J.: 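Got a structure for you, questions after.
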Amino acid sequence: MPDSCKKKILLGMSGGVDSTTAAALLLQAGFEVVGLTCIFINNEESRRSSEDAATSCAQLGIAHEELDCTREFEETVARPFVDDYASGLTPSPCVSCNARCKIPRLIEAADRLGCELVATGHYARIACLTSNGRYVVKCALDPSKDQSYMLSQLSQDQLARLVLPLGAMTKADVRAQAQDWGLPVADKPDSQDICFIQGGYPEYLVERGLTAQTGNIVDLYGQVLGRHDGLFRYTVGQRKGIGLAASEPYYVIEKRSDTNELVVGFKDHTLIDSLLVEGLVWQAFEKLEEPTECTVKLRYRSQAVACTVKAASPGSPDAVASGIQVDLVRPQPTTAPGQFAVFYIGDTMLGGGMIAQVGHRLWEEAG
RNA sequence: UGGCUCGUCGUCCAACGGCAGGACUCUGGCUUUUGGUGCCAGCUAUCGGGGUUCGAAUCCCUGCGAGCCAG
């Protein structure tokens, strides 16, 4: 096939083993590949990553570009991250980043560079449903690396142009392939933690202007057990760091912003059986028409659990127009408002949204 | 002030006179493109002073401290 007939694809490259191997796979599949490293944060690590990507691209014989995304990242990820914490939520910056910063910037650059498609090194697959022509994300074949959760907020327009070369591979496959091809980043450790924060996130929030407001730690009956040093340092479901000794470990059950109280309880009290989810992005269909039995991931890297989703009851004072009610078939350990609930049927993602509230009907009714 | 009970890791509780153990907290590690969970590991204690005993957290005396009942 002559070069002029090859499909041109723009690959987001972090400089890590995944995206670099993805580049080699796309080349092998016959694409004309351009590597693009987005700079989200202006620091040493970003520059090193970009250099790693450039080195790999040179070795693979493909073009490499660098794109300054610091302003967009600040507006769409970093600032909302701080604002969310300030309002008592526990944000999921990676989910937001993919949908609002990384993929949009990639597509924008692809248009500029004349690339029909874009790609990333995520472990997930994309499919087009024959029934309605909609694009969906499917789980990676390797469930232990599945990153579909992180792509739950992508729009149809974005999915239509996205290619995920690693969706059918295991991490071991990827490393072995990278070794075989002698890629320089074959042994680079996996990334982890929030990419834009070096130390602890509470310190980051303080640097960004949040002020620690000390307040009471109370139990479910309102009894004061101790003091906390700023609600933003805690997240619902958290065990470590509360500093209270009792017969059993305490967990954070709720953060009450209005009274600046941290509510704690024992493990049984962390169980929830319903959720209110807002800001939904549906992929498998345009709109939730009727109550649907499916599964839901309440957090990245957890098994999806059985549930029923339906429009939030209009009578409920908490109902939001775009919100849905999720009833869990079995009680689950709680998760924090601000996190994402992502729905699946089998290995096909339906869509997902932000958790606004969690419900513990079980023990609330029991008193 | 009479009478009773009790002082053990940071906290709560164990240990027939025989290597002071557990839970929680805390610290560290593993896991991980979010927070958190989970798993593993580790640190830390017999209130002070005498005595009995081969040997004392344990028995005796005493000081200090805490709680309860009296008045």
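Values in this document were obtained by computation on a predicted structure and should not be read as measured data.
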J.: For the pair A:Y85 and A:F81, name the ring-plane relationship: parallel under 30°, tilted 30 to 60°, perpendicular over 60°.
T.: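 Answer is perpendicular, since the angle exceeds 60°.
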J.: Which value, in whole Å, describes the distance between the C1' atoms of nucleotides B:C24 and B:A14?
T.: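 These two C1' atoms come out 15 Å apart once rounded.
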J.: With P as the reference atom in both, quote the distance from B:G48 to B:U11 in angstrom, rounded to an integer.
T.: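 Straight-line distance between the two P atoms is 15 Å.
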J.: Could you tell me how the ring of A:F40 sits relative to the ring of A:F73: parallel (under 30°), tilted (30 to 60°) or perpendicular (over 60°)?
T.: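 Judged by the thresholds at 30° and 60°, the geometry between A:F40 and A:F73 is tilted.
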J.: Tell me what A:F81 touches on the nucleic acid: a base, only sugar-phosphate, or nothing, going by heavy atoms under 4.0 Å.
T.: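 Here A:F81 touches no strand at all.
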J.: Heavy atoms under 4.0 Å, any strand shown: does A:V252 hit a base, just sugar-phosphate, or nothing?
T.: nothing
J.: Once you round it to whole Å, what is the distance between P of B:U25 and CD of A:Q238?
T.: 12 Å
J.: Hey, do the aromatic rings of A:Y250 and A:F266 have their centres closer than 6.0 Å?
T.: yes
J.: Can you tell me which nucleotide in B:G35, B:G38, B:U34 comes closest to the side chain of A:Y149?
T.: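 So the side chain of A:Y149 is nearest to B:U34.
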J.: Any base atoms under 4.0 Å from A:Q339, or only sugar-phosphate, or nothing? Heavy atoms, all strands.
T.: base
J.: Reckon A:F340 touches a base, only the sugar-phosphate, or nothing at all at heavy-atom distances under 4.0 Å?
T.: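 Touches nothing.
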J.: Report all interatomic pairs (protein N or O, nucleotide N or O of nucleotides 9-13 of chain B) with separations under 3.5 Å.
T.:
none

J.: Closest approach to the side chain of A:K240, judged atom by atom: which nucleotide of B:C24, B:U27, B:U34 is it?
T.: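 Of the options given, the side chain of A:K240 lies nearest B:U27.
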J.: Given A:T37, which of A:E66, A:R47, A:H64 fulfils the side chain to side chain donor-acceptor pair (under 3.5 Å) condition?
T.: A:H64
